[in-house]
Amino acid sequence: MSDDAPAHERYIYAGAEQLRCGFTTGTCAALASRAAVQSLLGGTVPETVSLRTPKGWLATAPVIADGTLVPFSRGGRSFRCGVRKDAGDDPDVTDGCRVFATVRLTAREGGVSVTVDGGAGVGRVTKAGLEQPVGAAAINRVPRAMIADAVTAVCESSGFAGEVAVTIDVPGGERLAGRTFNPQLGIVGGISIIGTSGVVEPMSEQAMRDALAAEIRVIAAQCAGKAARPLVITPGNYGTAVAARLPELAGIPQLTCANFVGDALDLAAAHAFTRVVLVGHAGKFVKLAGGIMQTHSRVADCRMELLCAHAALCGADTATCARVMDCPTVEAALAVLDDRALTAPVVRSLLAAARRHVARRVSGAYPFALYLFTPERGILGMTEG
């Protein structure tokens, strides 16, 4: 493949599956901004627009023109262009959305000065701890730089000097934002314009890790100045609901970590939380007993092996171990252990092993405790602390 192949013509492999790459909302905003400036200074709307992403890949998209173009040289001062996002084969909720840029030019002596803001469908930051300050549009640093670079290059090549005010808007962005992390992060009114490489690589775990880091920064900012900074870490909705029903955890902020338990533990240490409680479904947290800190099944799925090993340690015979190994779910395996009165000792054994692995991971950064539950049984057990 050519080094100049556009992002949407590049592929990565997940096992035997070929997945097409795409580009980020930040790249879309920069492309739209470039198209609007080219239209104003060149007098015609380009059919397509291109730029080089921070990753070095080319991004190209058809231009959507909005309104009547009056070239800047004849007195026109602003124009709006957009592009449609192509996220490739990534399950991105913003795939296919339109990202527009309205560019206003004001001639001045000197160089080119670019300001970037968000309009309709672009979120606003309402909580401290995110990359942008409270009140600012949720357009991150790299997309802002991409927009400024794209606009400046066109202005300089056209001989324009002055101020360029760019406003990014996303039709339907507020609706789309409800399917993202933005409500939890305190970003209201629309989506975020994000991306660090400018390209979307399908099934990217880095995007999930970035969202996790952003969420914990918000929580840490809310706890700033407090001597006691406890935190509840849970993989998802089940754990959140269980933690909310435990009186001893009332009022403690919660971080949803999905499958990234190890990353969440590391982030808690990095942000100086003083105590951490992990509340997890046995179907995921049984993996902690094997030292598995990324709990997605495609990374490791040895739930039955771990249950079987700890059942054997607690006195299960070969027939019982064989039945456990044949179970499709942790709940089904627990039912097998119920028949031999082994559930409680096996849970204690699993929790002890999980505690050892977590202790090794956090390396004394803070005290912690673990709760293990299933929706059917409620709390199965907990460690001290």
Query raised in the report: Which heavy atom in His310 sits nearest to a heavy atom in Ser349, and how many Å separate them?
Result: ND1-OG, 2.6 Å
Query raised in the report: Taking ILVMFWY side chains as joined if any heavy atoms are under 4.5 angstrom apart, and letting links pass through other members, which residues group with Val242?
Result: Val232, Tyr238, Leu246, Leu249, Ile252, Val277, Val279, Tyr371, Phe373, Ile379, Met382
Requested in this report: Test side-chain hydrogen bond (donor to acceptor under 3.5 Å, both in side chains) on Asn182 and Ser192 and set out the steps.
Outcome: CA-CA 8 Å; Asn182 279 11; Ser192 301; 3.2 Å; yes
Requested in this report: Inspect the contact between Arg20 and Asp90 and indicate whether a charged nitrogen and a carboxylate oxygen are less than 4.0 angstrom apart.
Outcome: no
Query raised in the report: Does a donor on one side chain and an acceptor on the other come within less than 3.5 Å for Asp338 and Thr343?
Result: yes
Query raised in the report: Between Lys287 and Thr295, do the side chains contain an N or O donor and an N or O acceptor separated by less than 3.5 Å?
Result: no
Query raised in the report: Do the side chains of Ser39 and Thr44 get nearer than 4.5 Å, heavy atoms only?
Result: no
Report task. Check whether any side-chain heavy atom of Val261 lies under 4.5 Å from a side-chain heavy atom of Ile233, and answer yes or no. Result -> no
Query raised in the report: If you take all heavy atoms of Pro171 and Arg98, which pair is closest and at what distance?
Result: CD-O, 3.3 Å
Query - Side-chain heavy atoms of Val49 within contact of Gln38, under 4.5 Å - result: yes
Query raised in the report: Where do Pro235 and Gly280 come nearest, in terms of heavy atoms and distance?
Result: CD-CA, 4.0 Å
Requested in this report: Would you mind checking if Lys55 and Glu201 are paired as a salt bridge, meaning a charged N to carboxylate O distance below 4.0 Å?
Outcome: yes
Report task. Please report the closest heavy-atom contact between Lys127 and Val134, naming both atoms and the distance. Result -> C-CG2, 3.6 Å
Query - Any donor-acceptor N or O pair under 3.5 Å, side chains Thr320, Asp317 - result: yes
Report task. Taking the side chain as every heavy atom from C-beta outward, state whether Pro143 and Thr25 have any pair of such atoms under 4.5 Å apart. Result -> no
Query raised in the report: Quick check: does any side chain N or O of Arg144 sit under 3.5 Å from a backbone N or O of Val116, one acting as donor and the other as acceptor?
Result: yes
Query - Minimum side-chain heavy-atom gap Phe368-Val362 below 4.5 Å - result: yes
Requested in this report: Determine, for Arg124 against Asp117, whether the closest basic-nitrogen to carboxylate-oxygen distance falls under 4.0 angstrom.
Outcome: yes
Query raised in the report: Under 3.5 Å, is there a donor-acceptor pair between the side chain of Arg84 and the main chain of Gly96?
Result: yes
Report task. Report yes if some heavy atom in the side chain of Ile64 is under 4.5 Å from a heavy atom in the side chain of Phe100; otherwise report no. Result -> yes
Query raised in the report: Taking ILVMFWY side chains as joined if any heavy atoms are under 4.5 angstrom apart, and letting links pass through other members, which residues group with Val299?
Result: none
Query raised in the report: Which pair of non-hydrogen atoms, one from Ala214 and one from Leu130, has the smallest distance, and what is that distance?
Result: O-CD2, 3.8 Å
Query raised in the report: Any sub-3.5 Å donor-acceptor pair from Asp66's side-chain atoms to Cys81's backbone N or O?
Result: no
Query raised in the report: For Trp57, is the NZ or CZ atom of Arg10 found under 6.0 angstrom from the centre of its six-membered ring and inside 45 degrees of the ring axis?
Result: yes
Query raised in the report: Does a side-chain heavy-atom distance below 4.5 Å link Ile187 with Thr126?
Result: no
Query raised in the report: Quick one: do the Ser113 and Glu163 side chains pair a donor with an acceptor below 3.5 Å?
Result: no
Query raised in the report: What is the minimum heavy-atom distance between Ser33 and Val166, and which atoms define it?
Result: OG-CG1, 3.3 Å
